[in-house]
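Quick notes on the structure that follows.
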Amino acid sequence: SLGREIVSGMAAIPFLLGPKVTLRLMNHDTVAESWIRKNADEKMGYIWCIGVAAGERGKGVSRLMMDQGIAQMKAQGMNNFWLKTDDAKNVPIYRGLGFEVMYETVVKSSGLTSWVFKKI
């Protein structure tokens, strides 16, 4: 919702980055998210953003957050879970958490690689 965007700080991105960069970012994200919409079923859960402070990495915090988030989504009736990343260092982390790469592409608008993952 708009309220959540404002609280999270996402609404400030266009003002911080400028319209050209914001549009390129939006176009980049649309590629993976469109692929997910075409290939996921109606009982899918989408993990949008996971972040762990540098000093806490390697302590199992990502696994804990993922497990708790997936448990909450399962309680709501979801049975397959999707996420995307644009950072190659996250690929082995998500694989280690039981996610499978479903789609990998270099996005034309940004030149960056994007990976889409699924976990059942």
Side-chain angles (χ1 to χ4, degrees):
S1 71
L2 180 58
R4 286 184 177 175
E5 266 191 53
I6 292 168
V7 170
S8 73
M10 293 298 293
I13 287 176
F15 301 103
L16 296 171
L17 301 178
K20 186 175 180 180
V21 173
T22 300
L23 184 57
R24 192 170 65 216
L25 176 64
M26 290 170 55
N27 288 336
H28 175 86
D29 283 345
T30 299
V31 172
E33 290 170 1
S34 294
W35 193 92
I36 292 170
R37 274 193 294 282
K38 289 177 190 173
N39 292 280
D41 66 29
E42 66 278 350
K43 293 195 176 213
M44 66 86 75
Y46 184 68
I47 300 164
W48 183 65
C49 184
I50 294 287
V52 178
E56 299 302 311
R57 293 182 186 145
K59 298 179 181 179
V61 176
S62 289
R63 179 173 300 280
L64 180 64
M65 287 191 297
M66 288 286 205
D67 289 347
Q68 288 178 350
I70 288 172
Q72 289 176 8
M73 288 187 279
K74 282 182 178 178
Q76 296 174 35
M78 297 169 205
N79 62 17
N80 60 105
F81 311 97
W82 296 75
L83 59 83
K84 73 170 196 70
T85 188
D86 306 312
D87 191 339
K89 73 177 181 231
N90 291 335
V91 173
I93 294 169
Y94 295 139
R95 282 187 171 139
L97 292 171
F99 286 84
E100 179 183 345
V101 175
M102 303 302 292
Y103 179 65
E104 178 180 343
T105 189
V106 175
V107 180
K108 291 179 185 176
S109 66
S110 66
L112 300 173
T113 302
S114 187
W115 293 266
V116 171
F117 292 83
K118 178 182 178 183
K119 181 177 183 175
I120 297 176

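The analysis underlying the following values was restricted to heavy atoms, covering all of them including side chains, and did not include hydrogens, waters or symmetry mates.
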Practice task
Please assess M44 against I36 for the test side-chain contact (heavy atoms from CB on, under 4.5 Å), listing each intermediate value before the final yes or no.
Solution key: CA-CA 10 Å; M44 66 86 75; I36 292 170; 3.5 Å; yes
Practice task
List in chain and number order the residues that pass ring pair (Phe, Tyr, Trp, His ring centres under 6.0 Å) with Y94, two or more places apart in sequence or in another chain; answer none if no residue qualifies.
Solution key: F117
Handout entry: 4.5 Å side-chain heavy-atom contact, L97 and D67
Key = no
Handout entry: Heavy-atom donor-acceptor pair, R95 side chain to V101 backbone, under 3.5 Å
Key = no
Fill in the blank from the handout: The reported gap from CE in M73 to CE in M66 (rounded to nearest 0.5 angstrom) is 8.5 Å
Problem - Validation row, ring centre Y46 to ring centre W82 under 6.0 Å - result: no
Completion exercise
Sorted by chain and number, sequence neighbours left out, ring pair (Phe, Tyr, Trp, His ring centres under 6.0 Å) with F99 holds for none
Fill in the blank from the handout: Tightest non-hydrogen contact, residues K84 and S114, listed as CD-OG, 4.5 Å
Problem - Within one Ile-Leu-Val-Met-Phe-Trp-Tyr cluster: W48 and M78, side-chain cutoff 4.5 Å - result: no
Problem - hydrophobic_cluster_shared for V52 and I93, side chain cutoff 4.5 Å - result: yes
Handout entry: side-chain contact (heavy atoms from CB on, under 4.5 Å) assessment of I47 paired with K119
Key = CA-CA 11 Å; I47 300 164; K119 181 177 183 175; over 6 Å; no
Handout entry: S110 side chain vs L112 backbone, donor-acceptor pair below 3.5 Å
Key = yes
Completion exercise
When rounded to the nearest 0.5 Å, the distance separating CE of M65 from CD1 of I70 is 12.0 Å
Problem - Derivation of the side-chain contact (heavy atoms from CB on, under 4.5 Å) call for V61 and R57 - result: CA-CA 7 Å; V61 176; R57 293 182 186 145; over 6 Å; no
Handout entry: N79 side, atom CG; K74 side, atom NZ - distance, nearest 0.5 Å
Key = 9.0 Å
Fill in the blank from the handout: Between the CD1 atom in I50 and the CG atom in L83, the distance rounded to the nearest 0.5 Å is 8.0 Å
Exercise for the section: Decide yes or no on side-chain contact (heavy atoms from CB on, under 4.5 Å) for M102 and W35, but give the supporting numbers first. Expected result: CA-CA 10 Å; M102 303 302 292; W35 193 92; 3.7 Å; yes
Problem - Sequence-distant partners of K89, side chain to side chain contact (heavy atoms under 4.5 Å, CB included), two or more places apart - result: D87
